[in-house]
Student: 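Have a look at this one.
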There are 2 protein chains.
Amino acid sequence: MEPTQKKLLGVAAELFAERGFRAVSMREISRSAGITQAAIYHHFTNKEALYIAAVEYLYEGQTTDLVSLASQQEDPEAKLAVTVSRLLTLFDKQAQFRRIYFRELLDGDQKRLKLLADGVFPEIHEFLVGLMAQLAPHMDSHLMVLDLTGLIFHHLEARKLSAQLDTGRPKHQKLPYLADHIVALLLNGVRNQ
Amino acid sequence: MEPTQKKLLGVAAELFAERGFRAVSMREISRSAGITQAAIYHHFTNKEALYIAAVEYLYEGQTTDLVSLASQQEDPEAKLAVTVSRLLTLFDKQAQFRRIYFRELLDGDQKRLKLLADGVFPEIHEFLVGLMAQLAPHMDSHLMVLDLTGLIFHHLEARKLSAQLDTGRPKHQKLPYLADHIVALLLNGVRNQ
DNA sequence: GTCTATACGTAGATAGAC
DNA sequence: GTCTATCTACGTATAGAC
């Protein structure tokens, strides 16, 4: 891929993730990429095409990260602990992906959700289904994936809100503390200490 | 409150929840409210003020729903089951609130998050903390609230995505099935059948 | 492949009549 | 309290030179 095109995809992904499709202008993207606004149209037919391409670009980087996550091998419960911990650190770092995920849930049409479902979910799904089949053959593994992604993404994104709550504590922002909490919940529920 | 003002808040909340702040124009809101665009400025100083007022209007209706949720009294585990089930049906119906919640997590500034934290969270938090204190005195109740809201909101909002997944099943869209799954997970985790 | 210049629509907001 | 008319700014997108 040409360097200008790559640069455009990078800055577009960053801006779109941070502020959303409508709140980012082509002029702003071009400025961040170091070219003029008109020049974008040499690389992408319109704003929507650039958005789609930027999101796909973001998904690509994501699947490779997830594949490397799946390479670990240990006993099931330790595996879960490592997985939760690594998912937390991964999506803490990859805030762009996390935010685009939420934005697509809210505003994505059928076509764009299909992109997400086919482009990035299979990797993590296959890995987690394998893990859950070991841990909990009696549970619905598809829902377990949504449980886990929901818990992790929500905890990470809700930290800003958590900080505003009277009951918010500094430890609630710390990833290891979050990881321990989530693993304990997933393994034992509330019934067993 | 004047009927026109109330009407404006209602349609504004609906449109902002569905499509987001930037994607909704003052002209569109005025059209839905049956007045002209200029007339809005008699009631609200600008678009942002209308947005804030609409969100607060949405929060108000929400707290009363949550208070009625809290009135139930049974043994702790049955209480959890009823609570999860009612939260699912409540926020399935109140999609506007659910979507605004996600939008505020993504785009809300400190002031707007404070509005959410002080305006609606205390009600549900107090109720759930009481429930969790009975169920799981050893767990972090603040995180438990975020667990529960994350699970419920994410499952509801992810149904569109779930439908696109190869592994998506019709039963995954059904609230009672979701409720049973979430309750089982919260009570037992994956360790115990 | 990138530039300058510009067309064209639509946005938020205001002025002033009724 | 709502209207019509209008201002001004900014958005996407295109035309054509280099």
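Keep in mind that what you see is a predicted model, and the values were worked out from it rather than measured. Naming: A, B, ... by sequence-line order, numbering from 1 per chain.
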Student: If you pin A/Glu28 and A/Thr45 to their nearest nucleotides in DNA chain D, which one's is more 5'?
Tutor: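 Whichever sits nearer the 5' end wins; that is A/Glu28.
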Student: Output the rounded distance in Å from CD (B/Glu48) to C1' (C/dA11).
Tutor: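 My rounded result for the distance is 16 Å.
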Student: Quick one: label A/Ser25 by what it contacts on the DNA or RNA (base, sugar-phosphate, nothing), any heavy atom closer than 4.0 Å.
Tutor: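 If one applies the 4.0 Å heavy-atom cut-off, A/Ser25 turns out to touch the sugar-phosphate alone, with no base involved.
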Student: Parallel, tilted or perpendicular for A/Phe97 and A/Phe153, by the 30°/60° rule?
Tutor: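 Aromatic pair A/Phe97/A/Phe153 classed perpendicular.
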Student: Quick one: B/His42 NE2 to C/dA13 P, roughly how many Å, whole number?
Tutor: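 Result: 17 Å.
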Student: Without decimals, in angstroms, what is the distance between A/Arg31 CZ and D/dC10 C1'?
Tutor: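 That distance rounds to 12 Å.
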Student: So does B/Thr4 get a side-chain nitrogen or oxygen closer than 4.0 Å to the phosphate oxygens (OP1/OP2) of D/dT2?
Tutor: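 The answer is yes; a side-chain N or O of B/Thr4 sits under 4.0 Å from OP1 or OP2.
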Student: Yes or no on side chain to side chain donor-acceptor pair (under 3.5 Å) for B/Asp147 and A/His155, after CA distance, side-chain angles and deciding distance?
Tutor: CA-CA 7 Å; B/Asp147 289 335; A/His155 271 295; 2.6 Å; yes
Student: With respect to B/Arg98, which candidate in B/Glu104, B/Glu18, B/Glu157 satisfies the salt bridge (Lys or Arg N to Asp or Glu O under 4.0 Å) definition?
Tutor: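 Among B/Glu104, B/Glu18, B/Glu157, the one meeting salt bridge (Lys or Arg N to Asp or Glu O under 4.0 Å) with B/Arg98 is B/Glu157.
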Student: Closest heavy-atom contact between B/Leu146 and A/Ala158?
Tutor: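 In terms of heavy atoms, the two residues are closest at CD2-CB, 4.3 Å.
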Student: Within this structure, what is the NZ-to-C1' distance between B/Lys7 and D/dT2, rounded to whole angstrom?
Tutor: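 Rounding to the nearest Å, NZ of B/Lys7 and C1' of D/dT2 are 16 Å apart.
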Student: Could you state the atom-to-atom distance from CE of A/Met26 to C1' of C/dC8 in whole Å?
Tutor: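 For the pair A/Met26 CE and C/dC8 C1', the rounded distance is 16 Å.
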Student: Whole Å only: how far is the CZ atom of B/Arg27 from the C1' atom of C/dA13?
Tutor: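 Value for this atom pair: 9 Å.
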Student: Taking OH from B/Tyr41 and P from D/dT4, how many angstroms apart are they, rounded to a whole number?
Tutor: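 Atom OH in B/Tyr41 sits about 16 Å away from atom P in D/dT4.
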Student: Classify B/Gln37 by what it touches in the nucleic acid, base, sugar-phosphate, or nothing, heavy-atom distance under 4.0 Å.
Tutor: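 B/Gln37: base contact, heavy atoms under 4.0 Å.
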Student: Would you say C/dC3 has OP1 or OP2 under 4.0 Å from some side-chain N or O of A/Thr36?
Tutor: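 Indeed, a polar side-chain atom of A/Thr36 lies that close.
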Student: Using atom CZ of B/Phe21 as one end and atom P of C/dG12 as the other, report the distance to the nearest whole Å.
Tutor: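 Checked: the CZ to P distance equals 8 Å.
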